Amino acid sequence: MERIANFINGEYVSPNSGKYIDVFEPATGSAYASVPNSNLEDVNAAVKAAEKAWKNWSNTTPEDRSIIVHRIAGELESRLDEFAEYESRDTGKPLSQAVSVDIPRAIANFRFFSDSILNYKDETFDSTEYGHNTVSRQPLGVVGCISPWNLPLYLFSWKIAPALVTGNCVVGKPSELTPYTAFKLGEICNKAGLPGGVLNIIQGLGMKAGSAITSHPKIKAISFTGGTKTGEIISKSAAPSFKKLSLELGGKNPNVIFADCDFETMLATTIRSSFSNQGEICLCGSRILIEQTIYDTFVQEFVNRTKELKIGDPKEGDTNLGALISNEHLEKVLGYVDLARNEGGKILYGGEKVQLNGRCSEGWFMSPTIIAGLAPGCRTNQEEIFGPVVSLIPFDTEYEAVEIANASKYGLSATIWTSDITKANRIAEQIDAGVIWINCWMIRDLRTPFGGMKNSGVGREGGKEALDFFTEQKNICRIQ
Ligand code: NAD
């Protein structure tokens with residue numbers, strides 16, 4: 001079995017303890033590699049390398065950094081298909097999705113931030129009364145970037161690209177469940193000419209390697225994407241050293257569907273927003289709110305369309321749903337289907353583990369699942385399931401739709417379907433979510449802020465927000 005390594009100071013190194021954890025391919029249920037079970041000593045080595053590298057990296061110009069990060073994008077692009085295979089193997093997602101979404105978006109992240117940094121300028125304020133003020137931005141130093149398993153390189157690069165272009169050195173940690181693309185990124189960084197120590201990648205468990213990063217006194221900021229519970233733990237661990245924190249957490253997103261929408265576009269997109277990536281996207285709509293007058297038609301068409309989805313080997317081109325990330329996660333999602341039944345819900349479709357043949361006979365597959373008949377406040381409609389499970393909830397009025405949409409501790413994203421744009425804008429203003437889509441889903445202009453309200457997070461990523469996060473402001477006031 002292949003042994004994955006940490007990437008410290010531009011070199012691949014074994015973990016200090018010599019201990020490893022198995023990495024599984026969800027589609028086959030078999031271990032295919034092992035990943036370092038890193039500890040504080042490994043994190044210390046990474047921080048030391050990062051601090052040393054920062055002396056030079058923080059003195060490079062934005063143009064120099066932009067060139068190198070652009071080269072990272074180029075190198076990754078030249079290996080797109082290979083990286084997509086790694087990503088699909090680690091996550092269980094269809095290869096077609098890794099090829100068309102995950103890796104292209106990781107490339108776009110590096111490109112976007114290498115361009116953005118060139119336009120990220122100091123601000124000046126001049127007046128006779130208060131003199132000449134320059135607000136400059138300086139890198140923080142060594143920062144920590146921790147990412148989840150559902151969109152591994154996509155989300156890892158979303159953090160490290162802005163951190164690097166702003167002149168920080170990074171200690172990053174991908175999920176222990178999906179370490180491979182981050183592991184291979186080291187090769188790409190070396191080839192692109194990123195100096196050793198500027199990006200260090202520590203592999204391992206959240207509670208051990210992750211918490212060693214979040215509590216490390218020399219790490220100035222933590223950019224984290226993952227579960228809300230983990231976000232709580234990280235907040236506590238980072239607080240004593242006054243670290244800057246960006247937390248992108250869980251969601252329970254409402255899709256609000258009005259009778260006057262373009263039904264076909266809504267239906268096709270709602271299938272995607274429900275079941276893409278096996279429903280393992282924080283932005284998937286898991287509570288589908290449907291205006292009563294079209295409820296029956298929606299149910300019939302939505303179930304029919306869901307039946308057409310193919311659950312299969314992620315390598316096959318016509319597979320719509322691959323495997324769930326782990327057996328534990330599959331059991332958790334199936335547990336929510338049981339809970340829905342116990343809460344009085346009706347399973348309109350799916351709700352079962354799926355047994356495939358051949359290579360994937362031991363894989364962690366489940367059918368896309370549609371539940372109806374549950375009250376908005378029940379646990380199934382309140383807790384994040386993070387799998388291919390949606391719950392249908394009818395509503396009568398616009399007011400009721402907004403009430404149900406907001407009756408959640410989460411506030412990440414929402415989708416509104418109607419041909420009445422005035423109504424859509426009115427509702428968008430009222431829904432508590434950081435990202436709202438009207439008559440579309442998952443469209444992302446990278447210049448716009450991304451993140452959630454309430455228990456879905458603190459702070460925003462993307463565009464200028466990310467560059468601001470990874471820099472410290474300094475106001476320099478001069479008279480004459
Ligand atoms: P997770 O919180 O279990 O793990 C995320 C990362 O944090 C992993 O790298 C993990 O090893 C690490 N980690 C775990 N415990 C830690 C600790 N105590 N200290 C430091 N690091 C620790 O989340 P997950 O299961 O990998 O991902 C699924 C979750 O991520 C879902 O809740 C989903 O909604 C959320 N998510 C949110 C967004 C967003 O942008 N808001 C995007 C993707 C996923």
Side-chain angles (χ1 to χ4, degrees), residues 21 23 26 35-40 43 90-91 93 101-102 105 109 144-159 171-179 181-182 201-216 219 222-239 243 245-253 276-286 324-326 328-330 332-333 383-387 408-413 433-435 442 444 449-462 465-466:
I21 327 156
V23 184
V35 65
N37 185 355
S38 305
N39 59 23
L40 178 60
V43 172
D90 261 3
T91 55
K93 71 179 70 200
V101 178
D102 288 74
R105 173 59 192 271
N109 289 340
C145 296
I146 302 182
S147 53
W149 49 259
N150 65 324
L151 299 163
L153 195 61
Y154 175 137
L155 290 176
F156 195 55
S157 55
W158 186 229
K159 297 179 179 308
V171 177
K173 194 195 87 63
S175 168
E176 59 276 23
L177 300 176
T178 53
T181 45
I201 300 166
I202 293 292
Q203 305 275 0
L205 298 171
M207 289 301 284
K208 202 193 264 185
S211 68
I213 294 173
T214 59
S215 59
H216 202 289
I219 292 184
I222 300 290
S223 173
F224 168 78
T225 299
T228 296
K229 269 267 151 246
T230 315
E232 259 179 66
I233 298 170
I234 289 179
S235 302
K236 286 181 193 150
S237 144
K243 290 181 176 35
L245 268 187
S246 162
L247 302 173
E248 300 299 337
L249 310 176
K252 189 76 181 174
N253 310 313
S276 287
N277 209 50
Q278 303 73 243
E280 296 166 327
I281 304 181
C282 55
L283 302 167
C284 278
S286 52
L324 271 64
I325 187 68
S326 67
E328 190 190 347
H329 189 60
L330 171 63
K332 180 189 141 191
V333 176
E383 296 177 17
E384 186 185 43
I385 299 175
F386 214 56
S408 164
K409 65 180 180 180
Y410 294 108
L412 185 53
S413 72
V435 180
M442 269 299 254
R444 289 279 306 126
F450 175 86
M453 298 178 180
K454 303 197 270 191
N455 290 19
S456 290
V458 178
R460 295 290 182 273
E461 295 190 302
E465 311 293 322

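Note that ligands are numbered from 1 as they come in the structure, with each ligand's atoms numbered from 1 the same way. What you see is a predicted model; the values in this text were computed from it and never measured. Quick note: numbers below take in every heavy atom, side chains included, and nothing from hydrogens, waters or symmetry partners.
- Neither the backbone nor the side chain of Ala209 comes within 4.0 Å of ligand 1, counting heavy atoms alone.
- Heavy atoms of Ser237 found under 4.0 angstrom from ligand 1: none, in either backbone or side chain.
- Side-chain contact check for Ser147 and Lys159: no donor-acceptor pair (N or O, by modelled atom type) lies under 3.5 Å.
- When only modelled atom types and interatomic distance are considered, Lys208 and Asn39 share no side-chain donor-acceptor pair under 3.5 Å.
- How far CG of Leu151 is from CD1 of Ile281: 5.5 Å, rounded to the nearest 0.5 Å.
- Contacts between Ile281 and ligand 1 below 4.0 angstrom, taking non-hydrogen atoms only, are absent altogether.
- Heavy atoms of Ile233 found under 4.0 angstrom from ligand 1 belong exclusively to the side chain.
- With hydrogens left out, the protein atom closest to atom 39 (C) of ligand 1 is Cys282 SG, 3.3 Å, a heavy atom.
- Atoms NZ and OG1, on Lys454 and Thr228 in that order, are 12.0 Å from each other to the nearest 0.5 Å.
- Atom 4 (O) of ligand 1 is never approached by the protein to below 4.0 angstrom, counting heavy atoms only.
- With respect to atom 20 (C) of ligand 1, the closest heavy atom belonging to the protein is Gly210 C, 3.2 Å.
- If you check which protein heavy atom lies closest to atom 25 (O) of ligand 1, you get Trp149 NE1, 2.8 Å.
- Neither the backbone nor the side chain of Leu151 comes within contact range of ligand 1; no heavy atom lies under 4.0 Å.
- Looking at Glu384, His329, Glu232, Met207 and measuring to atom 18 (N) of ligand 1, the nearest heavy atom belongs to Met207.
- In terms of protein heavy-atom proximity, atom 27 (O) of ligand 1 is closest to Pro148 CB, 3.3 Å.
- Across Thr178, Leu177, Thr230, Leu205, heavy-atom proximity to atom 15 (N) of ligand 1 is greatest for Thr230.
- Among Gly206, Gly457, Pro179, the residue whose heavy atom lies nearest to atom 19 (N) of ligand 1 is Gly206.
- Among protein heavy atoms, the minimum distance from atom 37 (C) of ligand 1 is reached at Leu249 O, 3.1 Å.
- With a heavy-atom cut-off of 4.0 Å, Ile213 does not touch ligand 1 at all.
- Of all protein heavy atoms, the one closest to atom 7 (O) of ligand 1 is Phe224 CE1, 3.1 Å.
- In this structure, the protein non-hydrogen atom closest to atom 23 (O) of ligand 1 is Gly227 N, 3.3 Å.
- Among all non-hydrogen protein atoms, the one lying nearest atom 8 (C) of ligand 1 is Ser147 O, 3.4 Å.
- For ligand 1, one of its N or O atoms has an N or O atom of Lys173 under 3.5 Å away.
- Between Thr228 and ligand 1, no N or O atom pair is found at a separation short of 3.5 Å.
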